[in-house]
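Working notes for the structure below.
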Amino acid sequence: MKKLTKRETAGILSKGIPAYLLGYPTAVSFEMTYSCTGNCHHCNMGGIIKDEKRIAPADYGRLMHTLKPVIVQISGGEPLLRDDLTEVMRAIKPKGCSTPYLIVVTNGSLLTEEKYLALREAGMGQLSVSLCFPDQRHDQWRRVKGLFNHLDTLIPKLAALGHDDIVLNSAITRENMPYIMDLTRTAERWGVSISFSAYSVLRTGDRSYTIESPEDLKKLRAQLDELRSYKENNCGRIQNADFIIEGTFDFFKYGEIKPCSAGHHFLVVTPEGYLKPCSMHDKEYTSLREIKRTFVPNNDCGGCYVSIRSYLDKSLPSMVKEYFSTHSINRKKNGRAANVA
Ligand code: SF4
């Protein structure tokens with residue numbers, strides 16, 4: 001997560017801690033649509049779904065009242081496909097409210113400067129833009145012609161507006177693992193920060209994209225070590241906390257990380273308004289109580305290490321402790337504000 005303003009931090013603490021103590025999820029990912037302008041190799045979605053059933057903006061207001069998250073991810077599919085996206089965001093975060101912290105996750109294919117500004121106006125705190133390769137291979141991977149050039153022109157322009165709210169999001173696979181540092185340097189060149197997560201076989205069933213052989217793990221280790229030393233000298237560019245970088249390596253090495261707090265600290269709402277503990281499990285639930293009663297006590301899954309999961313395996317108080325310790329260490333070290341990750 002990007003650097004928080006004082007107001008956002010105060011909002012998350014004052015509303016998040018009581019909600020956490022009462023058993024509400026800290027974060028919710030609202031999947032706006034299953035349709036997507038891309039069709040990526042590492043993802044189970046892709047293409048446009050005709051006549052998809054989607055809940056209306058007002059329904060999101062009701063869900064917020066029921067679930068009370070302090071962090072909300074607007075995800076998909078590709079959320080920018082929805083014409084009513086800013087209306088939905090306003091239902092989730094009414095004008096003037098300090099929470100929830102709103103993160104919009106996009107592949108950027110439909111993004112323009114006007115849309116970026118409209119998302120900010122609708123309460124967005126962070127724009128998370130997917131980037132799998134530091135060049136035109138990104139187009140082939142996502143199967144969107146011209147996407148890399150589009151981002152290469154647009155993202156530096158948006159970053160130059162000075163809002164410091166854009167984070168590239170890169171899922172590490174066997175294919176792009178050798179380019180982790182090149183992706184980092186692309187973020188540097190564009191003037192934004194970057195966050196890495198791990199590919200999960202649960203998405204596609206395709207093991208060829210995961211990293212498991214001793215030779216590949218050795219290459220990954222070298223890339224992650226370089227990433228950590230880059231992070232030491234470039235405060236704020238890498239959004240992953242050190243424990244997440246190490247967790248990512250362990251996830252590939254062991255093929256899983258347990259326990260997982262899906263359904264407890266975070267959950268997903270489908271475009272039709274059903275609840276799911278996470279995006280990789282198909283069973284839909286109609287209430288938080290049902291998830292807590294039937295899924296959470298029996299969850300033995302450790303099969304992904306996506307960012308929402310990696311952070312929220314920690315409790316909200318531990319996340320807050322981590323945030324303040326990073327904040328104070330980085331301020332001492334660099335004389336500037338630090339990021340949550
Ligand atoms: S590890 Fe957790 S978040 Fe990931 S697929 Fe399993 S239950 Fe879902």
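A quick note: this is a predicted structure, and the numbers were derived from the prediction, not measured.
A donor-acceptor pair is defined here as one N or O able to donate and one able to accept, closer than 3.5 Å; no such pair exists between the side chain of R7 and the backbone of A10. Judged by distance alone, the side chain of K157 and the main-chain N or O of D152 form no donor-acceptor pair under 3.5 Å. In terms of modelled atom types and a separation under 3.5 Å, the side chain of Q126 and the main chain of L102 share no donor-acceptor contact. Proximity of a side-chain donor or acceptor of Q223 to a complementary backbone N or O of I180 within less than 3.5 Å is detected. At least one donor-acceptor pair under 3.5 Å links the side chain of R82 to the backbone N or O of M32. Distance alone, capped at 3.5 Å, is enough to place a donor-acceptor pair between the K68 side chain and the H65 backbone. Between the D225 side chain and the A222 main chain, no donor and acceptor come within less than 3.5 Å of each other. At least one donor-acceptor pair closer than 3.5 Å links the side chain of D139 to the backbone N or O of G146. Under the 3.5 Å distance criterion, the side-chain polar atoms of K115 are matched with a main-chain donor or acceptor of L110. Using a distance-only test at 3.5 Å, with no hydrogens or angles considered, no donor-acceptor pair links the side chain of K95 to the main chain of E121.
Residue I172 is grouped with residue M181 when hydrophobic side chains (ILVMFWY) are merged at heavy-atom distances under 4.5 angstrom, including chains of intermediate members. Both I166 and L80 are part of a single hydrophobic cluster, where members link through side-chain heavy atoms under 4.5 Å apart. Under a hydrophobic clustering in which Ile, Leu, Val, Met, Phe, Trp and Tyr are joined whenever their side-chain heavy atoms come within less than 4.5 Å, directly or via other members, V268 and V28 fall into different clusters. L151 and F133 fall into different hydrophobic clusters, where Ile, Leu, Val, Met, Phe, Trp and Tyr residues are linked whenever their side-chain heavy atoms come under 4.5 Å apart, directly or through other members. There is no path of hydrophobic side-chain contacts, each under 4.5 Å, that joins M45 to V144.
Between S279 and R203, the side chains place a donor N or O and an acceptor N or O closer than 3.5 Å (distance only, hydrogens not considered). No donor-acceptor contact under 3.5 angstrom links the side chains of S307 and S197, judged on distance only. A donor and an acceptor atom, one from each side chain of E272 and T270, are located under 3.5 Å apart. With 3.5 Å as the limit, one finds a donor-acceptor pair spanning the side chains of E52 and T33.
If you take CG on L158 and CG on L117, they are separated by 7.5 Å, rounding to the nearest 0.5 Å. Going from atom CD of E78 over to atom OG of S35 covers 10.5 Å, rounded to the nearest 0.5 Å. In this structure, M177 CE and S170 OG are separated by 12.5 Å, a value rounded to the nearest 0.5 Å. For the atom pair CG of D313 and CD1 of I308, the computed distance is 11.0 Å after rounding to the nearest 0.5 Å. Taking CG of L81 as the start and CD1 of I48 as the end, the distance is 4.5 Å to the nearest 0.5 Å. Taking OG1 of T186 as the reference point, atom CD1 of I155 lies at 12.0 Å (rounded to 0.5 Å).
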CA sep, side-chain torsions, deciding dist, call: E188, T184, side-chain hydrogen bond (donor to acceptor under 3.5 Å, both in side chains) = CA-CA 6 Å; E188 187 178 317; T184 300; over 6 Å; no

Verdict with reasoning, T173 to E175, per side-chain hydrogen bond (donor to acceptor under 3.5 Å, both in side chains) = CA-CA 5 Å; T173 63; E175 303 298 313; over 6 Å; no

Under the side chain to side chain contact (heavy atoms under 4.5 Å, CB included) criterion, do I55 and L63 qualify, and how do the steps go?
-> CA-CA 11 Å; I55 53 172; L63 280 160; 3.6 Å; yes

Could you walk me through whether I245 and L227 pass the side chain to side chain contact (heavy atoms under 4.5 Å, CB included) check?
-> CA-CA 9 Å; I245 296 175; L227 187 71; 4.1 Å; yes

Between Y101 and I103, is a side chain to side chain contact (heavy atoms under 4.5 Å, CB included) present by the stated rule, with each step listed?
-> CA-CA 7 Å; Y101 184 72; I103 303 170; 3.8 Å; yes

Between F295 and H264, does a ring pair (Phe, Tyr, Trp, His ring centres under 6.0 Å) hold up when you go through it step by step?
-> CA-CA 9 Å; F295 178 83; H264 182 44; over 10 Å; no

Apply side chain to side chain contact (heavy atoms under 4.5 Å, CB included) to the pair V105 and I74, showing each step before the final yes or no.
-> CA-CA 6 Å; V105 183; I74 303 285; over 6 Å; no

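Contact annotation: the side chain of P178 never approaches that of K219 to less than 4.5 Å [non-hydrogen atoms, C-beta and beyond]. Contact annotation: the side chain of K231 approaches that of D242 to within less than 4.5 Å [non-hydrogen atoms, C-beta and beyond]. The side-chain heavy atoms of H42 and C132, taken from C-beta on, include a pair separated by under 4.5 Å. By the 4.5 Å heavy-atom criterion applied to side chains, K276 and L267 are not counted as neighbours. No side-chain heavy atom of I238 sits under 4.5 Å from any side-chain heavy atom of S193. The shortest side-chain heavy-atom distance between Y274 and V269 does not fall under the 4.5 Å cut-off. By the 4.5 Å heavy-atom criterion applied to side chains, T248 and L220 are not counted as neighbours. Side-chain contact between M280 and S200: present, with at least one pair of heavy atoms (C-beta onward) separated by less than 4.5 Å.
Figure legend: R237 and Y230 shown without cation-pi pairing, the cationic atom not lying both under 6.0 angstrom from the six-membered ring centre and within 45 degrees of its axis. Taking the centre and axis of the six-membered ring of F249, the NZ or CZ atom of K253 falls outside the cone set by 45° and 6.0 Å.
Scored by the salt bridge (charged side-chain N to carboxylate O under 4.0 Å, His left out) test, K258 finds E256, D300 as partners (sequence neighbours excluded).
Between Y60 and F30, the gap from one ring centroid to the other is short of 6.0 Å. Between H265 and Y311, the ring center distance fails the sub-6.0 Å criterion.
A salt bridge does not link R221 to E226: none of the charged side-chain nitrogens sits closer than 4.0 Å to a carboxylate oxygen. Contact check on R228 versus E246 returns a salt bridge, with a Lys/Arg side-chain nitrogen under 4.0 Å from an Asp/Glu carboxylate oxygen. Remark: R174 does not engage E212 in a salt bridge, criterion side-chain N to carboxylate O under 4.0 Å. Between D84 and R54 there is no salt bridge, since none of the side-chain N atoms of the basic residue sits less than 4.0 Å from a carboxylate O of the acidic one. With salt bridges taken as basic N to acidic carboxylate O contacts below 4.0 Å, one links D182 and R185.
The ring-ring contact (aromatic ring centres under 6.0 Å, His included) test with W141 singles out one residue from Y209, Y179, F148, and that residue is Y209. Of the residues T204, D206, N176, T210, the one that meets the side chain to side chain donor-acceptor pair (under 3.5 Å) test with Y199 is T204.
Minimum interatomic distance between F266 and C260 (heavy atoms only, all atoms of both residues): CZ-SG, 4.2 Å. P100 and P69 make their closest contact through CB-O, 3.8 Å (heavy atoms, listed as atom of the first residue, atom of the second, distance). M89 approaches A122 most closely through the heavy-atom pair CB-O, 3.8 Å. Pairing each heavy atom of P79 with each of L85, the nearest pair is O-CD2, 3.7 Å.
At most 12 non-hydrogen atoms from other residues, nucleotides or ligands lie less than 6.0 angstrom from CG of D83.
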